**Q** 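Before we start, here is the structure in question, set down as structure tokens.
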Amino acid sequence: MNEINTENKPNVPEIFLKPYDPAEHEVKLYKMWENSGFFNPDVCVNKGVTSENAEVFSLVLPPPNVTGELHMGSALMLAIEDIMVRHARMNGKKTLWIPGTDSAAIATQARVEKDIQKNEKKTRHDLGREELLRRIDIFVEEKKNTILSQMRSIGASLDWSRYAYTMDKERYQAVMEAFVRMYNTGLIYRGNRIVNWDPKGQTTISDDEIVYEERKAKLYTFKYSQDFPIAIATTRLETKVGDTAVAVHPDDERYKQFIGQEYDVVFCDVPIHIKIVADESVEKDFGTGALGVTPAHSQIDWEIADRHNLPRPQVINEYAKMTVAGRLNNLKTTDAREEVANWLKENNLLINEEEINQNVSTAERTGGIVEPLPKLQWFIDVDKKFTVPHSEIPSIDSNSEISLKELMEKAVTGGGVSFVTERFEKTYLHWAKNLRPWCISRQIWFGHRIPVWYKTNTEGKEEIYCGLEAPQSEGWYQDPDVLDTWFSSALWTFTTLGWPNQTTDLKTYHPTTLIETGHDILFFWVARMIMMSGFFLGQVPFKTVYMHGLVRDGQGRKISKSLGNNIDPVDMAQKYGMDAVRISLVMGMTPGTDSKISEDKIRGYKHFANKLWNISRFTLTSLNNTDIPTTIELKEADKAILSELNALTSAVESHFANYRVDLAGETIYQYAWHRFADEIIEESKPILQSTDPQIVKSRQYVLKEILVTLLKLLHPFMPFVTEAIWQELPKPYKDSELLLVAKWPKQ
RNA sequence: GUCCGGUUAGCUCAGCUGGUAGAGCGCUACAUUGACAUUGUAGAGGUCACAGGUUCAAGUCCUGUAUCGGACACCA
């Protein structure tokens, strides 16, 4: 390198004379970055910032709800990912971070329906499917700019040229293709099974969308009739009109004599036929040790009915109302329960009534009490074996036979996917082991519609067609249901890269390097991406899983509207600057563990941004009107300072390697403030007054080195203030116009 | 019920393969025309939940207890 040109003498820009003002810089800087094109790895290669065959670093952004707004959780996610992405880019990796938004099917449709109900007093059925979908599209178009501009305001260096929306044309086609391929392999099937029905949302939901709430319930012990030999216990009296058997344990001495007997009774106006069966699944010690079997309204009972070939009358409908004749007719289940209790009392059949704690299944989205109902639905078979034509997953051979469940286990146990926090690996494997068929059909309108058509043929039989386009001939009608939103999300790592086309992007960036997301969607999303990527590509979707925790308030409480403790990232950024918001979210956050945010903390880091500002001001002032040769005879003390700086860079690197961005941040913070500002700058003041020019030059050189290194190290964490300062540095100090693509300090 | 975590300064948390405790914020006192009051210096404050064990040596490893939290399952 050359000596600094005297015409490029460092001046102290006027801008440093007042405190750092984030508002003055943030929008401008983001535009500058975005216009530079460097968020796109292709541009980085073309402009020589990244070498053609550089190591790849790729990840997809977990797409936020397209109609939503930024909250602290998504701000944390964007901050962590942007830190890793900027770090990788500065390290010369071919770095791709794909932005996207999610349609949030149920939530979005519910929101639009509510508005229409309020403003026009109409239901979705009044409007019809087409019109409702048109309204939803309009709503999405109106809303999406909010979230997109908020994502930019964070400073996220996302490659917007590859932006994807779960419901855009490319993704929709890819989802159809995926369904058809899985159907043709026999992994997707239609079956009549007990599903979790949400009467409030009027749709099925998957097992993972259930939230258990503990409530008090009454456990009733009773007999079906005076001459029925066995008493049974239940909390759901109203379902007993749907009973077809009483199951007892085969070894239970009390009931052995009755096994095989059958009884006809009229129970609360409903004639029922009860067979006494022996089944291992019954616990002798619970209740009376005898279980009233209601095949149509309980998962376990459905399975018992399978084993004993029992009829399965349905007595509750989709609105959670009774469908039987008599006194229960059309009553809500809760009312019917009381009615049955009254009837039992009237007829002297009630033996005992006891308060117990019970876990009630509720729907995560609507809060409705889940009603198990038998329904004809679409499922993914996780146990059926299929052949993997081509596998890049360690421990899974090409052309081997495997089930989705096994694939999901092996992808992790074989080391194809590793978890930054090991305990999530255990949670994952535990879940995968107990996986059951995944119900993927939903009875709403907004979403990826199931590409299956039906037709009743001349013999009165139903024909089924599954394909990308509707069949040409007459009389076909499409399945009205749409897919579980997680079905399309599960394909996200590769549909965003152009699949099913074999694009260059797909070859270059898949498997992605990393997925970074909240641990609350480990099963919903992370696990299912592993499933789908394995099935369609024979690849893992990502090599590393990094899970972040929940963002809580300063006292560790969940952030919620009712507590009124919401801290809005956008408000906070206006007050203290986005850099302060970003770094406060990251500092003190351990991977996988819930973290805390408070306004005090954010304010503290605004001080830090300003400290940096003043460090820069001092350093540039000290260098003013001075030429600093780039090769220089350094004094011993200055050599020591530089080797300490190298040690800092190494420490930061090793924290990055361990995905401990929190520790990396703290290490730099500590150095910048308490070592550089408090000590090195202080001791430099007299040194710079020295009459020996060698001493002065040596020190000036060191100060410049530290400043440049610190700006680089801090850039991933506080991109705005560091770039703002960088823009004021004299050219000879810089290896790049933009700090965004400057070279990461060498160790 | 099963499986995971946590329990370290007033608060929020670090502390890797064991070597007599750290940070940030807060608090106290002092300083102040100095790059920065969005500051500096100094300081107070911890038998590292409890009880055993292994070891020359234990927040750090093992066992158990208490307590808080999470995931999963679920009894009808």
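Every chain is numbered from 1, with letters handed out A, B, ... down the list of sequences. As the structure is a computational prediction, the values presented were derived from the model and not from experiment.
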**Q** Is a donor from one side chain sitting under 3.5 angstrom from an acceptor on the other, for H674(A) and E679(A)?
**A**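 On atom types as modelled, these side chains do not qualify, holding no pair under 3.5 Å.
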**Q** Between rG24(B) and rU8(B), how far is it from one C1' atom to the other, in whole Å?
**A**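 Pairwise C1' distance, rG24(B) against rU8(B), rounds to 15 Å.
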**Q** Counting only Watson-Crick or G-U wobble pairs whose two distances fall under 3.5 Å, which nucleotide matches rU2(B)?
**A**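 Pairing partner, where one exists within any strand: rA71(B).
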**Q** Using the P atom in both, what is the distance from rG22(B) to rA9(B), to the nearest Å?
**A**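 The same atom, P, in both gives a distance of 14 Å.
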**Q** To the nearest Å, how far apart are I602(A) CD1 and rU38(B) P?
**A**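 My rounded result for the distance is 18 Å.
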**Q** Can you tell me, in whole Å, how much space there is between the P of rC30(B) and that of rC16(B)?
**A**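 40 Å, rounded to whole Å.
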**Q** Could you tell me which nucleotide pairs with rU20(B) by Watson-Crick or G-U wobble geometry, both distances under 3.5 Å, or answer none if nothing does?
**A**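 By the stated definition (distances under 3.5 Å), nothing pairs with rU20(B).
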**Q** Can you measure K601(A) atom NZ to rG24(B) atom C1' for me and round it to whole angstrom units?
**A**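 Distance check: K601(A) NZ to rG24(B) C1' gives 9 Å.
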**Q** Output yes when at least one side-chain N/O atom of T235(A) is less than 4.0 Å from OP1 or OP2 of rA76(B), else no.
**A**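 Answer is yes, contact under 4.0 Å.
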**Q** Look at W673(A) and rG40(B) and indicate whether a side-chain polar atom (N or O) is within less than 4.0 Å of OP1 or OP2.
**A**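 W673(A) to rG40(B) OP1/OP2: side-chain N or O found under 4.0 Å.
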**Q** Pairing check on rG46(B): which nucleotide meets the Watson-Crick or G-U wobble criteria with it, both distances under 3.5 Å?
**A**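 rG46(B) is paired with nothing.
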**Q** Aromatic contact between Y669(A) and Y605(A), with the criterion being ring centroids under 6.0 Å apart: yes or no?
**A**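 Distance test on ring centres: under 6.0 Å, yes.
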**Q** Tell me what A247(A) touches on the nucleic acid: a base, only sugar-phosphate, or nothing, going by heavy atoms under 4.0 Å.
**A**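 Nothing, no nucleic acid heavy atom in range.
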**Q** Out of rA76(B), rG5(B), rC36(B), which nucleotide sits closest to the side chain of N610(A)?
**A**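 The listed nucleotide nearest to N610(A)'s side chain is rC36(B).
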**Q** Side chains of H308(A) and D279(A) only: does a donor on one sit below 3.5 Å from an acceptor on the other?
**A**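 H308(A) vs D279(A): donor-acceptor pair found between side chains.
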**Q** With both distances under 3.5 Å as the test, what is the Watson-Crick or G-U wobble partner of rA76(B)?
**A**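 In the structure as shown, rA76(B) has no Watson-Crick or wobble partner.
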**Q** Does rA58(B) have a Watson-Crick or wobble partner in any strand here, with both distances under 3.5 angstrom, and which is it?
**A**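 Base partner found: none.
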**Q** Rounded to whole Å, please give me the gap between NZ in K704(A) and C1' in rA35(B).
**A**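 Those two atoms, NZ and C1', are 20 Å apart.
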**Q** Which one is paired to rA9(B), where only Watson-Crick or G-U wobble pairs with both distances under 3.5 angstrom count?
**A**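 Pairing partner, where one exists within any strand: none, as none qualifies.
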**Q** Whole angstroms only, please: what is the CG-P distance between N658(A) and rA14(B)?
**A**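 Whole-Å distance recorded here is 15 Å.
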**Q** Say whether Q670(A) and E666(A), considering side chains only, have a donor N or O and an acceptor N or O under 3.5 Å apart.
**A**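 Result is no, nothing qualifies.
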**Q** Please determine whether a side-chain nitrogen or oxygen atom of K685(A) lies at a distance below 4.0 Å from atom OP1 or OP2 of rA35(B).
**A**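 Yes, within the criterion.
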**Q** So, is H607(A) near the phosphate of rU39(B), with a side-chain N or O under 4.0 Å from OP1 or OP2?
**A**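 Checking rU39(B) against H607(A), a side-chain N or O does come within under 4.0 Å of OP1 or OP2.
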**Q** Does the side chain of Y576(A) come under 3.5 Å of the side chain of E599(A) through a donor N or O and an acceptor N or O?
**A**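 Side chains of Y576(A) and E599(A): pair found under 3.5 Å.
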**Q** Quick one: classify the glycosidic conformation of rG5(B) as syn or anti, with syn meaning within 90° of 0.
**A**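 rG5(B): anti glycosidic orientation.
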**Q** Write down the distance between CD (E679(A)) and P (rG40(B)), rounded to a whole number of angstrom.
**A**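 My rounded result for the distance is 12 Å.
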**Q** Select base, sugar-phosphate, or nothing to describe what Y669(A) touches, counting heavy atoms under 4.0 Å on all strands.
**A**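 It contacts sugar-phosphate atoms only.
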**Q** May I ask you to check whether F424(A) and Y546(A) place their ring centres under 6.0 Å from each other?
**A**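 Judged by ring-centre distance (under 6.0 Å), Y546(A) and F424(A) do not meet the cut-off.
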**Q** Could you tell me how far apart H430(A) (NE2) and rA73(B) (C1') are, to the nearest whole angstrom?
**A**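 The answer, rounded to whole Å, is 7 Å.
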**Q** What nucleotide among rC36(B), rU38(B), rG15(B) has an atom nearest to a side-chain atom of K606(A)?
**A**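 Side chain of K606(A) sits closest to rU38(B).
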**Q** Among rC36(B), rU39(B), rA23(B), which nucleotide has an atom closest to any side-chain atom of Q670(A)?
**A**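 Output: rA23(B).
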**Q** Of the listed nucleotides (rC4(B), rA14(B), rG40(B)), which one gets closest to any side-chain atom of R423(A)?
**A**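 From the listed options, rC4(B) comes nearest.
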**Q** Give the rounded distance in Å between these two atoms: CD of E599(A) and P of rG24(B).
**A**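 Those two atoms, CD and P, are 21 Å apart.
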**Q** Which part of the nucleic acid does T590(A) contact within heavy-atom distance under 4.0 Å: base, sugar-phosphate only, or nothing?
**A**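 Sugar-phosphate contact only - T590(A) comes under 4.0 Å of backbone atoms but never of a base.
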**Q** rG5(B), OP1 or OP2 - any side-chain N/O from K426(A) closer than 4.0 Å?
**A**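 The answer is yes; a side-chain N or O of K426(A) sits under 4.0 Å from OP1 or OP2.
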**Q** Looking only at side chains, do H548(A) and E516(A) share a donor and an acceptor under 3.5 Å apart?
**A**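 Yes.
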**Q** Using Watson-Crick or G-U wobble geometry with both distances below 3.5 Å, tell me the partner of rU39(B), or none.
**A**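 Answer to the pairing question: rA31(B), which forms a Watson-Crick or G-U pair with rU39(B).
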**Q** Does E666(A) reach a base, just sugar-phosphate, or nothing at all? Heavy atoms under 4.0 Å.
**A**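 No contact at all - E666(A) keeps every heavy atom at 4.0 Å or more from the nucleic acid.
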**Q** Please figure out whether S616(A) or D594(A) has its closest RNA chain B nucleotide nearer the 5' end.
**A**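 With D594(A) and S616(A) compared, the 5'-side residue is D594(A).
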**Q** Starting at CG of N434(A) and ending at P of rC72(B), how long is that distance when rounded to a whole Å?
**A**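 Taking atom P of rC72(B) as the reference, CG of N434(A) is at 11 Å.
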**Q** Kindly point out which of rG24(B), rA14(B), rA35(B) is positioned nearest to the side chain of I681(A)?
**A**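 Out of rG24(B), rA14(B), rA35(B), the nucleotide with an atom closest to I681(A)'s side chain is rA35(B).
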**Q** When you measure from the side chain of F523(A), which nucleotide among rC72(B), rA76(B), rC74(B) comes out closest?
**A**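 Shortest atom-to-atom distance from the side chain points to rC72(B).
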**Q** Can you see if the side chain of S622(A) gets near the phosphate of rA35(B) - specifically, an N or O under 4.0 Å from OP1 or OP2?
**A**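 No, outside the criterion.
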**Q** Please determine if a side-chain N or O atom of R660(A) lies less than 4.0 Å away from the OP1 or OP2 oxygen of rG15(B).
**A**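 The answer is yes; a side-chain N or O of R660(A) sits under 4.0 Å from OP1 or OP2.
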**Q** With a 4.0 Å limit, can you tell me whether H674(A) has a side-chain N or O closer than that to the phosphate oxygens OP1/OP2 of rG24(B)?
**A**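 Answer yes for this pair, as a side-chain N or O of H674(A) is under 4.0 Å from OP1 or OP2.
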**Q** For the residue pair Y20(A) / N614(A), report whether a side-chain donor-acceptor contact shorter than 3.5 Å exists.
**A**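 Short answer, no.
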**Q** Determine the contact category for L219(A): base if any of its heavy atoms lies under 4.0 Å from a base atom, sugar-phosphate if only primed atoms, P, OP1 or OP2 are that close, otherwise nothing.
**A**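 No contact at all - L219(A) keeps every heavy atom at 4.0 Å or more from the nucleic acid.
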